[in-house]
Amino acid sequence: LTFQKLKIISVKDITVNNIKMKKLNYTAKFGDDLLYFSQLYGIKNNIVYILTFTTEKKKEKKFKVLENEIMANFKLISE
């Protein structure tokens with residue numbers, strides 16, 4: 001299966017732990033399910049980091065607090 005009917009909701013530039021990142025929110029169909037995605041992605045020391053939160057679109061509001069908490073507490077720890 002592949003994603004169908006991908007719809008980008010928003011793309012924002014943000015900074016996490018002094019690292020410039022993108023925050024991307026979108027929906028897509030996967031089989032019969034409409035899914036909601038929230039992603040952070042960035043590059044540090046030539047390594048790409050991606051954090052993805054996914055839920056069914058119909059449950060997006062139910063899990064919004066959890067999504068925000070996960071995204072707000074994401075940290076890249078360097079050695």
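For the numbers below, each heavy atom of this structure counts, side chains included, while hydrogens, waters and symmetry mates do not.
The distance from atom NZ of Lys23 to atom CG of Leu51, rounded to the nearest 0.5 Å, is 10.0 Å. To the nearest 0.5 Å, atoms CZ (Phe53) and CD (Glu69) are separated by 10.5 Å. The NZ atom of Lys57 lies 6.5 Å from the OG1 atom of Thr27; values are rounded to the nearest 0.5 Å. The OG1 atom of Thr54 sits 11.5 Å away from the CD atom of Glu60 when rounded to the nearest 0.5 Å. How far OH of Tyr36 is from NZ of Lys59: 15.5 Å, rounded to the nearest 0.5 Å.
Looking at Leu40 and Ile14, their side chains come closer than 4.5 Å, going by heavy atoms from C-beta outward. For the pair Phe74/Met21, a side-chain contact is recorded, criterion being any heavy-atom separation below 4.5 Å from C-beta on. Side-chain contact between Tyr26 and Lys7: absent, with no pair of heavy atoms (C-beta onward) separated by less than 4.5 Å.
Close placement of the Phe37 and Phe3 rings is indicated, their centers lying within 6.0 Å of each other.
A salt bridge does not link Lys20 with Asp13: every distance from a Lys NZ or Arg NE/NH1/NH2 to an Asp or Glu carboxylate oxygen is 4.0 Å or more.
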Begin from the C-alpha positions of Glu67 and Ser38 and carry the test side chain to side chain donor-acceptor pair (under 3.5 Å) through to its verdict. CA-CA 8 Å; Glu67 172 195 345; Ser38 183; 2.9 Å; yes
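Closest approach of Ile50 to Gln39, counting heavy atoms only: CG2-NE2, 4.1 Å. Minimum heavy-atom separation, Val11 to Leu24: CG2-CD1, 3.3 Å.
Residues Ile47 and Ile19 share a hydrophobic cluster, clusters being chains of Ile/Leu/Val/Met/Phe/Trp/Tyr side chains in contact below 4.5 Å.
The 12-atom threshold is exceeded at NZ of Lys64, counting heavy atoms of other residues, nucleotides or ligands nearer than 6.0 Å. In Asn18, the CG atom is not crowded: 12 or fewer heavy atoms of neighbouring residues, nucleotides or ligands sit closer than 6.0 Å.
Here the options are Lys29, Lys58, Glu56, the test is side chain to side chain contact (heavy atoms under 4.5 Å, CB included), and the partner is Leu34; only Lys29 passes.
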